[in-house]
Trainee: 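Please find one structure pasted underneath; my questions will follow.
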Amino acid sequence: MRTSQYLLSTQKETPADAEVISHQLMLRSGMIRKVASGLYNYLPTGLRVLNKVANIVREEMNRAGAIEILMPVVQPADLWEESGRWEEYGPELLRIKDRHHRDFVLGPTHEEVVTALVRNEVSSYKQLPLNVYQIQTKFRDEVRPRFGIMRGREFTMKDAYSFHLSQECLQTTYDKMYAAYCRIFERIGLDFRPVIADTGSIGGSASHEFHVLADSGEDDIAFSNASDYAANVEMAEALAITQPAEAEAELTKVATPEQRTISDVSTFLNIPVEKTVKTLIVYGVTDEDGNTPLVALVLRGDHTLNEIKAEKHPLVGTPFAMADETVVEAQLGCNFGSIGPVGLAIPVIADRSAATIPNFVCGANENDVHLTGVNWSRDVSEFTEFDLRNVEAGDKSPDGQGTLEIKRGIEVGHIFQLGDKYSKAMNCGVLSETGKHETLTMGCYGIGVSRIMAATIEQNHDKYGIKWPDAIAPFKVAIIPMNMHKSHRIKEVAEQLYDDLLAQGVEVLFDDRKERPGVMFNDMELVGVPHAIVIGERNLDNNEVEYKNRRTGEKSMLSIDNLVDFLTSL
RNA sequence: CGGUGAGUGGCGCAGCUUGGUAGCGCACUUGGUUUGGGUCCAAGGGGUCGUAGGUUCAAAUCCUAUCUCACCGACCA
């Protein structure tokens with residue numbers, strides 16, 4: 001490609017609303033342009049990268065035995081009603097009507113459509129297992145689109161769905177997908193980690209996320225420093241932090257006027273926060289009569305609640321919601337700051353670590369009064385233990401090896417074992433070997449194709465611009481001639497090299513603009529072409545050109561005679 | 001959804017307080033100059049000042065409504 005015939009569209013200035021580096025560089029390097037909040041045009045350079053990523057994903061999916069299909073972006077509401085997600089899914093699901101006033105959705109994911117497809121096409125166990133995938137545009141009406149293409153509303157995703165008769169068979173495909181995902185991210189050259197994950201609204205049992213490690217990531221990932229254990233903080237099991245036993249102190253009421261927060265109380269009573277407990281009141285499960293009871297969650301004072309874990313407790317309502325203070329005051333007779341598990345008339349669920357504290361401090365269920373010297377076995381009539389808190393750096397790893405570290409990650413892939421949630425709701429089954437109708441069990445596997453672009457830039461850039469890994473670079477080689485319009489020699493060498501590289505199938509960007517050298521260097525470095533050939537009069541006298549590697553910064557002189565061989569061998 | 005801020009040529013911004021009919025830098029066009037790291041000089045093209053309404057002789061500027069966008073928050077007992 002010649003820059004004079006291309007839409008390079010680089011910019012010197014960074015648009016004001018771009019916050020993270022990948023967003024800034026994608027705008028400046030002319031890869032994307034915003035159309036509306038969370039919606040972007042891909043310019044030629046951006047599209048080249050997107051296609052590169054998609055092709056790697058496609059090759060690895062095919063290699064792993066998945067079969068490519070394509071499903072529509074617009075989906076009938078009927079299917080979503082069948083699965084139950086027409087009601088379950090929140091405002092992220094964009095609902096639209098056609099001219100006949102029939103309901104449709106813009107697909108945020110395709111479980112419904114694929115399940116309906118397979119239900120019609122597959123009727124015998126002999127056709128299983130089946131793993132189909134597509135690379136398609138998705139739409140999720142995000143609360144807050146941000147970071148450019150990293151969290152857009154419309155984005156490109158690879159999603160695969162597998163169908164099986166047995167858990168073992170699902171596990172086999174799941175493992176294959178896990179391996180394929182690792183290959184994909186390795187080929188692209190990302191520093192990534194598979195982590196144990198929550199299944200979220202899609203539902204199901206086993207699940208792993210694949211995270212690219214970057215400070216700008218939106219998820220917290222917990223890692224063991226001594227083993228392979230890695231989990232999203234949403235999911236990472238928090239082991240009990242036990243405290244040494246003490247002789248039971250006397251249960252004492254103390255006045256704590258205006259001391260509402262844990263740090264207030266801890267400072268006021270001069271007691272370490274680890275010896276305090278906080279009691280959070282949440283809504284329980286609504287009964288048949290429409291009454292919603294309250295449930296108390298107890299955590300050690302310095303710990304934080306993990307809502308996803310709490311939601312998994314059978315007594316806690318879904319979706320998780322903190323109780324309103326007015327409701328709490330009406331039912332429990334005191335404000336948030338003075339609640340405690342002692343003598344509480346509602347179910348008490350204690351975090352494992354909170355449940356081991358001897359002689360702790362908690363609210364007395366009476367405004368401006370706390371209790372000291374509280375002991376669970378003696379003072380709290382009835383409670384259950386549960387893993388409720390977020391893990392913290394320095395906690396023991398749940399696999400018993402080492403301690404946890406926490407880093408930020410960008411989720412670029414997610415695989416789930418769905419089980420029969422969709423196949424059951426939508427009656428998707430086959431006749432088994434014994435002639436019985438059996439419901440299929442499913443897996444689903446997603447990769448954020450467009451997000452990978454952003455994540456790659458987060459990990460591969462410097463102050464001059466993007467440093468694309470060769471695997472997904474928009475061009476492999478840049479030809480940068482110095483003052484070509486004034487030198488026939490340079491023009492000849494540059495044109496010849498361009499032709500030769502094209503003939504070899506090398507993706508090359510030939511900067512044939514009548515620009516100053518600095519402009520060309522800056523543009524090629526901003527766009528991030530991995531290999532650059534600089535052609536100048538000076539070196540031509542020795543029959544040489546200069547080679548520059550964008551990633552390593554390495555420079556060397558190359559003889560024109562074996563230039564093409566060198567570049568094709570990279 | 002709540003809080004804050006912003007909408008002025010393609011991009012980044014000034015002008016608004018104290019109304020008088022729009023300006024700067026980048027980019028773009030033309031000519032010249034320069035040529036191994038974003039040259040310099042000159043001339044030019046391009047804007048219903050987000051939209052609608054109001055006040056006024058006069059509105060980018062004041063008032064009202066509305067739309068859009070961005071950032072922050074949604075862990076607090």
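Proteins get letters first, then strands, A, B, ... in listed order; numbering begins at 1 in each. Just so it is clear, the structure is predicted and the values come from calculations on it, not from any experiment.
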Trainee: In whole Å, I'd like the distance from the CG atom of A:D302 to the P atom of B:rC75.
Mentor: 18 Å
Trainee: What integer distance in Å separates A:E142:CD from B:rC71:P?
Mentor: 13 Å
Trainee: Which nucleotide, if any, forms a Watson-Crick or G-U wobble pair with B:rA58, using both distances under 3.5 Å?
Mentor: none
Trainee: If you round to the nearest 0.5 Å, how far is NE2 of A:H211 from NZ of A:K407?
Mentor: 14.0 Å
Trainee: Would you call A:R352-A:E237 a salt bridge at under 4.0 Å N-O?
Mentor: yes
Trainee: How long is the straight-line distance from CD of A:E92 back to CG of A:L106, given to the nearest 0.5 Å?
Mentor: 13.0 Å
Trainee: Find the distance A:N306:CG to B:rC76:P and express it as a whole number of Å.
Mentor: 14 Å
Trainee: At 4.0 Å (heavy atoms only), tell me whether A:T304 reaches a base, stays on the sugar-phosphate, or touches nothing.
Mentor: base
Trainee: Under 4.0 Å between a Lys/Arg side-chain N and an Asp/Glu carboxylate O for A:R408 and A:D220?
Mentor: yes
Trainee: Between A:T3 and A:D512, is any side-chain donor less than 3.5 angstrom from a side-chain acceptor?
Mentor: yes
Trainee: Taking the same atom, P, in B:rG45 and in B:rU8, what whole-Å distance lies between them?
Mentor: 23 Å
Trainee: Assign A:D523 to base, sugar-phosphate, or nothing according to its heavy-atom contacts below 4.0 angstrom with the strands shown.
Mentor: base
Trainee: Output the rounded distance in Å from CG (A:L8) to C1' (B:rG38).
Mentor: 14 Å
Trainee: Going by the salt bridge (Lys or Arg N to Asp or Glu O under 4.0 Å) test, which pairs reach into residues 371-382 of chain A, not counting sequence neighbours?
Mentor: A:E248-A:R378
Trainee: Aromatic rings A:Y89 and A:W80: how do their planes relate, parallel, tilted or perpendicular, breaks at 30° and 60°?
Mentor: perpendicular
Trainee: Please report the distance separating the P of B:rC13 from the corresponding atom of B:rU33, rounded so that it comes out in whole Å.
Mentor: 37 Å
Trainee: Rounding to an integer number of angstrom, what distance separates B:rA14 and B:rG54 when you compare their C1' atoms?
Mentor: 28 Å
Trainee: Return the nucleotide paired to B:rG9: Watson-Crick means purine N1 to pyrimidine N3 with N6-O4 or O6-N4, wobble means G-U with N1-O2 and O6-N3, both under 3.5 Å.
Mentor: none
Trainee: Could you work out the separation of B:rG50 and B:rA70 based on their C1' atoms and round it to a whole Å?
Mentor: 15 Å
Trainee: Aromatic rings A:W376 and A:F360: how do their planes relate, parallel, tilted or perpendicular, breaks at 30° and 60°?
Mentor: tilted
Trainee: So if I take residues 475-485 of chain A and measure heavy-atom distances to RNA chain B, which residues fall below 4.0 Å?
Mentor: A:M482, A:N483, A:H485
Trainee: Who does B:rC28 pair with, Watson-Crick or G-U, both distances under 3.5 Å?
Mentor: B:rG44
Trainee: I'd like to know if A:D462 pairs up with A:R550 as an ion pair, taking the criterion as any Lys NZ or Arg NE/NH1/NH2 lying under 4.0 Å from an Asp or Glu carboxylate oxygen.
Mentor: yes
Trainee: Name all pairs fulfilling the salt bridge (Lys or Arg N to Asp or Glu O under 4.0 Å) condition that reach into residues 31-45 of chain A, sequence neighbours left out, sorted by first residue then second.
Mentor: A:D17-A:K34
Trainee: I'd like to know if A:E458 pairs up with A:R451 as an ion pair, taking the criterion as any Lys NZ or Arg NE/NH1/NH2 lying under 4.0 Å from an Asp or Glu carboxylate oxygen.
Mentor: no
Trainee: CD of A:E366 to NZ of A:K253: how many Å apart, nearest 0.5 Å?
Mentor: 4.0 Å
Trainee: With a 4.0 Å heavy-atom cut-off, tell me which residues in residues 507-518 of chain A come close to RNA chain B, sorted by residue number.
Mentor: A:R516, A:P517, A:G518
Trainee: Out of B:rG36, B:rA74, B:rC11, which has the shortest distance to the side chain of A:E546?
Mentor: B:rG36
Trainee: Sticking with atom P, work out how far B:rG46 lies from B:rG10, rounded to a whole angstrom.
Mentor: 13 Å
Trainee: Near A:D470 CG, under 6.0 Å, is it more than 12 heavy atoms from other residues, nucleotides or ligands?
Mentor: yes
Trainee: By the 4.0 Å heavy-atom rule, please label A:L280 as base, sugar-phosphate, or nothing.
Mentor: base
Trainee: Any chance the side chains of A:D324 and A:Y283 put a donor and an acceptor closer than 3.5 Å?
Mentor: yes
Trainee: Salt bridge check: are A:R389 and A:D302 linked by an N-O gap of less than 4.0 Å?
Mentor: no
Trainee: Apply side chain to side chain contact (heavy atoms under 4.5 Å, CB included) to residues A:F383 and A:V298 and explain how you reach the verdict.
Mentor: CA-CA 10 Å; A:F383 69 97; A:V298 181; over 6 Å; no
Trainee: Can you tell me the distance, in whole Å, between the CD atom of A:E92 and the C1' atom of B:rC1?
Mentor: 15 Å
Trainee: Send over the distance from A:R153 CZ to B:rU68 P, rounded to a whole Å.
Mentor: 10 Å
Trainee: Given that both distances must come in under 3.5 Å, which nucleotide forms a Watson-Crick or G-U wobble pair with B:rC76?
Mentor: none
Trainee: Below 3.5 Å, does any donor atom in the side chain of A:Q11 face an acceptor in the base of B:rG10, or the other way round?
Mentor: no
Trainee: To the nearest Å, how far apart are A:K486 NZ and B:rU39 P?
Mentor: 15 Å
Trainee: Could you please name the option among B:rC75, B:rG36, B:rU39 that lies closest to any side-chain atom of A:E307?
Mentor: B:rC75
Trainee: Phosphate oxygens OP1/OP2 of B:rC72: is one of them under 4.0 Å from a side-chain N or O of A:R144?
Mentor: yes
Trainee: Please give the distance between the C1' atoms of B:rA6 and B:rG15 as a whole number of Å.
Mentor: 16 Å
Trainee: Find which nucleotide of RNA chain B each of A:P145 and A:S338 is nearest to by heavy atoms, and output the residue with the more 5' nucleotide.
Mentor: A:P145
Trainee: Using the C1' atom as the point on both nucleotides, what is the distance between B:rC71 and B:rG19, in whole Å?
Mentor: 32 Å
Trainee: Taking the P atom of each, how far is B:rC67 from B:rC28, in whole Å?
Mentor: 38 Å
Trainee: If we call it a pair only when both distances are under 3.5 Å in a Watson-Crick or G-U wobble match, what pairs with B:rU4?
Mentor: B:rA70
Trainee: Quick one: are the ring centres of A:F475 and A:W468 less than 6.0 Å apart?
Mentor: no
Trainee: Please determine, for B:rG38, whether a Watson-Crick or G-U wobble partner exists with both distances under 3.5 Å, and give it or none.
Mentor: none
Trainee: Map A:R146 and A:M520 onto RNA chain B by nearest heavy atom, then report which one ends up closer to the 5' terminus.
Mentor: A:M520
Trainee: Let's see if you get this right: which residues in residues 268-278 of chain A place a heavy atom under 4.0 Å from RNA chain B?
Mentor: A:K278
Trainee: Under 4.0 Å between a side-chain N/O of A:K12 and OP1 or OP2 of B:rA27, yes or no?
Mentor: yes
Trainee: Pull out every residue in residues 17-48 of chain A that has a heavy atom closer than 4.0 Å to any atom of RNA chain B, ordered by number, or say none.
Mentor: A:D17, A:E19, A:R28, A:K34, A:S37
Trainee: So A:V534, base contact, sugar-phosphate only, or nothing? Heavy-atom distance under 4.0 Å.
Mentor: base
Trainee: For A:F320, does the CZ atom sit with more than 12 other heavy atoms under 6.0 Å from it, leaving out its own atoms?
Mentor: yes
Trainee: Using purine N1 to pyrimidine N3 plus N6-O4 or O6-N4 for Watson-Crick, or N1-O2 and O6-N3 for G-U wobble, both under 3.5 Å, which nucleotide pairs with B:rA65?
Mentor: B:rU51
Trainee: Is B:rA14 paired to anything, Watson-Crick or G-U wobble with both distances less than 3.5 Å, and if yes, which nucleotide?
Mentor: none
Trainee: Figure out the CZ/P separation between A:R151 and B:rC71, and round it to whole Å.
Mentor: 12 Å
Trainee: Using a 4.0 Å heavy-atom cut-off, does A:N539 contact any base of the nucleic acid, only the sugar-phosphate backbone, or nothing at all?
Mentor: base
